[in-house]
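Below: the structure, in structure tokens.
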Amino acid sequence: MRDMQRTVYIPSLVVFAAVMAVVMISFFMSRNSNEREIVAEMQAYEQKSEDAVRDRLIVFEETLRAGIGVLEGDDDVTRGEWARFIETSAVIKRYPGAAAVGYAPIVKAADLNAFSDETSTRYQRKFVVYPEGARSEYVPIVFIAPQEEYEPILGFDISTDATRRKALETARDSGQAAVSSPVQSPVDQLGSDQYFVMYMPQYELGLPIDTAEQRKKAIKGYVYVGFGISSFMGSVSSDESDSGRAFGISIGDTQDSTYATGGYDSIIAGRHRTAESEVSIGGAAITFNYVYDTGSILPAYMNSRSVAVLVFGTITALLVAGSVWLTLLGKSNQLLLEKERSINEAKDSLLSIASHQLRTPATGVKQYLGLLLQGFSGELTNQQRMLLEKAYASNERQLKTINEILYLARLDAGRIVLSKTHFSIASVVRDTVTELSDQIKTKGHVVRLKIPRREKPFYGDEHMIRMAVENLLTNAVKYTHQKGVISVRVTFGKDLKIVVEDNGIGIPEDQQQEMFNQFVRLDNDLSVAVGGTGIGLYVVQHILELHDGNIAVDSHIGKGSKFTISLPFSSPDNSG
Ligand code: ADP
């Protein structure tokens, strides 16, 4: 078992572990590469979204700069000219996010009435600055394009709204475009959509505007563009509502998303990743909150790639280790068989040599004893005869044992050749009982024979069958206490059955198989007294097997044992 572990299991386990190590490395590499691709995908999407917003705002920043140019080029620009300028630049038409582009000059409190009157007269429509209230200066919208739509906004003082004012001041102080946080239209009739506004400062020509202080002094007005947040974002974000990615934006100071692209809510409801980035435009920051549906950032096959590597890799590892295991098992079994065979061969030759060397001298002893007993060297006294008969009997037993061992060696070497004839089982049984009569008498046993009168001759090796019957009967005699009853029954049915039954010491059930093995002697009350080699039953079983027969045991401790031989009848034609 230990050798088996060393030669079969350990190498298979090592191979399995090695292949699994490669599989795990591939698995983690595949997962890492997926992660890298996920990050790359996310970055590409984020870049694309930010670029779209930034590019669009830059377009309008340029438009506003152009507006300043228009105003600076002519001190007396009219609403009509403003409308034409916007129409010519075509920004509103081309970029649907922008709602309107306008202009609001700074009017000192002292000039307000004159300015309002002049504007009213100029456009023949009453111009009122609102909301009402006394302020040191006003920033009323005077131009707006498209005007028909946004007419009610004309006159609105943009500096009155804190959010707008903050952006105005940023624009004024920086000299750059500034973007406001979300605001609503000052007039209810224009609805409650959210807007954000980009302002570009206009300074008095000729005044220095190098520092914030100077710019504060030189400020003259603001050109601006208002964006409806939804339509602006709608126009810059491609519709990817099914792609498992979306973003929300918050503009300026607002923390909450003021706009989110399609699918945002459903993505955050599931397993998702987030990312955040900020785009700074004209002093206002636009924060992007990206969300990605974890499962669909990469195509499905890429997600299952790592799992596939793991599953198929494990199967491969099992297959490889399994085939190594099978190969080594085959090899190790072969080695074991070879080892067993060579041990058996060595044992057989040893047994054979030993037995031959023993048999020749033992046979010699038999012959000389026979001569003495027959009176070749003169009359024997009764005592001499008794002693010699004992020596002769001992020598007989010795020869029997040697013959058994020899037979065993030939049997194991497969060198037994059956010499089959038709013979009488009844005679074999009767002869055996007669041969053992001395021992039977010594032990005071009664032997009952039951053999049908009409006998069916048996075709087989008579010598061997005799040996088998003799062994069983000898055992019955040996393993039964004095004055036992032994019965031998023969029946000629479909098979030939020979039953040898005794009322002896019996055999424990758990040893009834084991006793058929070579050299096995069971430990019992009589085993020491009666002697034996442990070969008998082994030989019996093999003799029966050679005749396609078998032997069954039924035995109970203290009650006795019953051995039943079954032999099929055969004839010279079918016995091979
Ligand atoms: P041996 O008799 O030389 O020991 P066997 O192979 O004939 O060897 O028998 C093996 C063992 O089986 C014996 O040692 C004995 O313990 C047991 N055995 C065989 N026949 C009987 C029997 N009739 N009753 C009790 N035990 C038996």
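The first residue of the sequence shown is numbered 1, and numbering continues consecutively from there. All ligand and atom numbering here is 1-based and tracks the order in the structure. Only this structure's heavy atoms are used, side chains among them; waters, hydrogens and symmetry mates stay out.
Both tests do not hold together for Arg245 against Tyr292: distance to the six-membered ring centre under 6.0 Å, angle to the ring axis within 45°. Both tests hold for Lys456 against Phe569: distance to the six-membered ring centre under 6.0 Å, angle to the ring axis within 45°.
Residue Ile505 has no N or O atom closer than 3.5 Å to an N or O atom of ligand 1. The shortest N or O to N or O distance between Lys478 and ligand 1 is below 3.5 Å. For Asn475, a nitrogen or oxygen atom sits less than 3.5 Å from a nitrogen or oxygen atom of ligand 1, counting backbone and side chain alike.
For the residue pair Glu462 and Thr421, no side-chain donor N or O sits within less than 3.5 Å of a side-chain acceptor on the partner. In summary, the side chains of Ser487 and Arg489 do present a donor paired with an acceptor at a separation below 3.5 Å, with no hydrogens or angles considered.
Taking the six-membered ring where tryptophan is involved, the planes of His547 and Phe458 are tilted, since the angle between them lies from 30° to 60°. Classification of the Phe288-Phe247 ring pair by plane angle, with boundaries at 30° and 60°, yields tilted.
By the 4.0 Å heavy-atom criterion, Gly504 is excluded from the residues contacting ligand 1.
Residue contacts with ligand 1 for Phe516 are absent, since no atom lies close enough (heavy atoms, distance under 4.0 Å).
Residue nearest to atom 26 (N) of ligand 1, selected from Thr480, Leu473, Ile535, Ile507: Ile507 (by heavy-atom distance). Compare Asn517, Leu522, Val539 by their heavy atoms: the one nearest to atom 17 (C) of ligand 1 is in Leu522.
Considering only non-hydrogen protein atoms, atom 23 (N) of ligand 1 sits nearest to Asp502 OD2, 3.0 Å. Regarding atom 2 (O) of ligand 1, its nearest protein heavy-atom neighbour is Tyr479 OH, 2.9 Å. The single protein non-hydrogen atom nearest to atom 6 (O) of ligand 1 is Leu537 N, 2.8 Å, given as residue, atom name and distance.
Looking at residues two or more places apart in sequence or on another chain, you find a side-chain contact (heavy atoms from CB on, under 4.5 Å) between Val311 and Val307, Ile315. With sequence neighbours left out, Asp293 forms a side-chain contact (heavy atoms from CB on, under 4.5 Å) with Ile267, Ser296.
With ligand atoms numbered from 1 in the order given, ligand 1 contributes 1 (P), 4 (O), 14 (O) to contacts under 4.0 Å with heavy atoms of Arg521. Shown in contact with Val520 at under 4.0 Å from a heavy atom are these atoms of ligand 1, numbered in order with element: 10 (C), 11 (C). Close approach of ligand 1 to Gly536 is summarised as follows: ligand atoms under 4.0 Å from at least one heavy atom of the residue are 5 (P), 6 (O), 7 (O).
The only option from Ile498, Ile507, Asn471 that meets the side-chain contact (heavy atoms from CB on, under 4.5 Å) definition with Phe563 turns out to be Ile507.
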